[in-house]
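In what follows, chains are A, B, ... by sequence order, proteins preceding strands, each numbered from 1.
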Number of protein chains: 2
Amino acid sequence: MLSNNEQAITNADKTFFKLRKDIVEGIIPAGSKLSEMELSTKYEVSRAVIREAINRLATCHLVERKANVGARVVALSPEGLIQLYQVREALEGMAARLAARYMTDEEIADMQALLDSHFDKVKDSHSYYQEAGDVDFHYRIVTGSKNDHLISVLVDGLYHLVRMYRVQLGMAGPRVSTAFDEHRHIVNAIANRDEELAEMLMRRHILYSKNNIEKKLNNA
Amino acid sequence: MLSNNEQAITNADKTFFKLRKDIVEGIIPAGSKLSEMELSTKYEVSRAVIREAINRLATCHLVERKANVGARVVALSPEGLIQLYQVREALEGMAARLAARYMTDEEIADMQALLDSHFDKVKDSHSYYQEAGDVDFHYRIVTGSKNDHLISVLVDGLYHLVRMYRVQLGMAGPRVSTAFDEHRHIVNAIANRDEELAEMLMRRHILYSKNNIEKKLNNA
DNA sequence: AAAACGCATTTTGTCGACAATAAAGCCAAG
DNA sequence: CTTGGCTTTATTGTCGACAAAATGCGTTTT
């Protein structure tokens, strides 16, 4: 149910998406070097489109590029994860506030319906997180903010990094039903047009999520 | 006193910086089309480096690119400005919070010294804003957060857009001394390691700034 | 006269080759 | 044996040319 409506039209687009997918899923290991020549043969495109793809990945902070040296996939670190969640807290908190201000009644009703359908799935299988229900929920809030900068930074940038951490560190864990309740409360605040509460609840929600992942990181 | 330590080493870098400067300062008008061929002759580089420069500008949200069509400089609009300040409020608020947590005592002392020197200048000339003192202050807070994502999004992205609005809409206005006092209070909160207050004061500071600019926009 | 089709032109996307820079290996000197 | 500088090699940066797509215009058709 991922409303991923970004469509590739040019070759560079397709290559960018493939590369991003392979990086996020760890097929291209974190911290590894990206050779333009090598990739151009592997993905069967010219070096120019590989270059463009790598440049785009660099702006997503999925790879780091150094002039005349090359590009490396970012390394996953506890500090990086913490920094990521600090930005998410600020940005998604604001997104929730703006969603409470700007979302239409229809959009809110849709989101409530979405949560209901999630609830049904949660009852039997404990797979709320895996089923991308969490992603879908956050995605709706962010787009509901109607703020292009917010949407771009989160959807095009940070979310892919978040997914990279989740996939490669094997996050799925508990926090399934508790996270669901938190989502409920946030939607209620938005439905009541309570900006202040919506922002605060969202920030807490992300803070809890961070603490949960941090704890796992330290145990592993 | 702009600590702009980004240095161009490759040709694409230099072209990117030149283009960005010309766009921010309105030499290349807002909303105008960017022809690759035309720019490549004008800036005396190949089309490839122009393409790379344009791509980088697109990730800064200074230009918008459409596949197989071309790139245009972003149009300035009241809605865009409001959205920009909404993101600034969230991001710089968090930056102030993190600055209160992570800045060293030396960094804080330096910032206080900076404010003192600003105070001297403000006494005679009413040029706090023009003198880039405001920019410098915000820059210190953001880097003080020690959060790479935060720094990157603001310094490499939003700040250039903010400057574009300021330059092209001729913002300089009053709010000189009041903004200075607000800066004082923020630094004090950081010096006291009061994260909560630092974030709140910074958010208010940006909110006031937004309201001030909005008012000007409506009058003009 | 308005709409639609097709051609021509212009602009962007893609490619392979060349130039410039940095990393690696080698030789020589201390 | 280590260290310094040089040469070699591999990789990135840059370029001009070709391919593909979109816009604009003229013609045709209803």
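Looking at Tyr159(B) and His138(B), their side chains come closer than 4.5 Å, going by heavy atoms from C-beta outward.
If you measure from atom NZ of Lys14(B) to atom P of dA20(C), you get 13 Å, rounded to the nearest angstrom. Taking atom CD1 of Ile9(B) as the reference point, atom C1' of dT12(D) lies 11 Å away to the nearest angstrom. Between the CZ atom of Arg72(A) and the P atom of dA23(C) there is a distance of 11 Å, rounded to whole Å. Atom CG of Asn68(B) is separated from atom C1' of dA19(D) by 12 Å (rounded to the nearest Å). Nucleotide dT14(D) holds its C1' atom 19 Å from the CZ atom of Phe16(B), rounded to whole Å. If you take CD of Glu44(B) and P of dT14(D), they are 15 Å apart, rounded to a whole angstrom. The interatomic distance linking Glu52(A) (CD) with dT14(D) (C1') rounds to 16 Å, in whole Å. Rounded to whole Å, atom C1' of dT14(C) lies 13 Å from atom CZ of Arg47(A).
When distances are taken from the side chain of Ser46(A) to each of dG16(C), dT14(D), dC15(D), the shortest belongs to dG16(C). Side-chain proximity of Arg51(B) to dG13(D), dG13(C), dC15(D): nearest is dG13(C).
Within the structure, a side-chain polar atom (N or O) of Thr10(A) is placed less than 4.0 Å from OP1 or OP2 of dT14(C).
A salt bridge is defined here as a Lys NZ or Arg NE, NH1 or NH2 lying under 4.0 Å from an Asp or Glu carboxylate O, and Lys146(A) with Glu107(A) meets this definition. Salt-bridge formation is not detected for the pair Asp22(B)/Lys42(B): no Lys NZ or Arg NE/NH1/NH2 atom is positioned less than 4.0 Å from an Asp or Glu carboxylate oxygen. Between Glu36(B) and Arg65(B), at least one side-chain N (NZ, or NE/NH1/NH2) sits under 4.0 Å from a carboxylate O, which counts as a salt bridge. Salt bridge status for Asp134(A) with Arg166(A): present, with a side-chain N to carboxylate O gap under 4.0 Å.
Nearest-nucleotide mapping onto DNA chain D: of Gly70(A) and Ala48(A), the residue sitting toward the 5' end is Gly70(A). Closest-nucleotide positions on DNA chain C for Ala67(B) and Lys66(A) were compared, and the one nearer the 5' end corresponds to Ala67(B).
Counting heavy-atom neighbours within 6.0 Å of Lys21(A) NZ, excluding the residue itself, gives a total of 12 or less.
Looking at residues two or more places apart in sequence or on another chain, you find a side-chain hydrogen bond (donor to acceptor under 3.5 Å, both in side chains) between Arg203(B) and Glu199(A), Glu89(B).
Of all the residues in residues 27-42 of chain A, Lys33(A), Leu34(A), Ser35(A), Glu36(A), Met37(A) reach under 4.0 Å from DNA chain D with at least one non-hydrogen atom.
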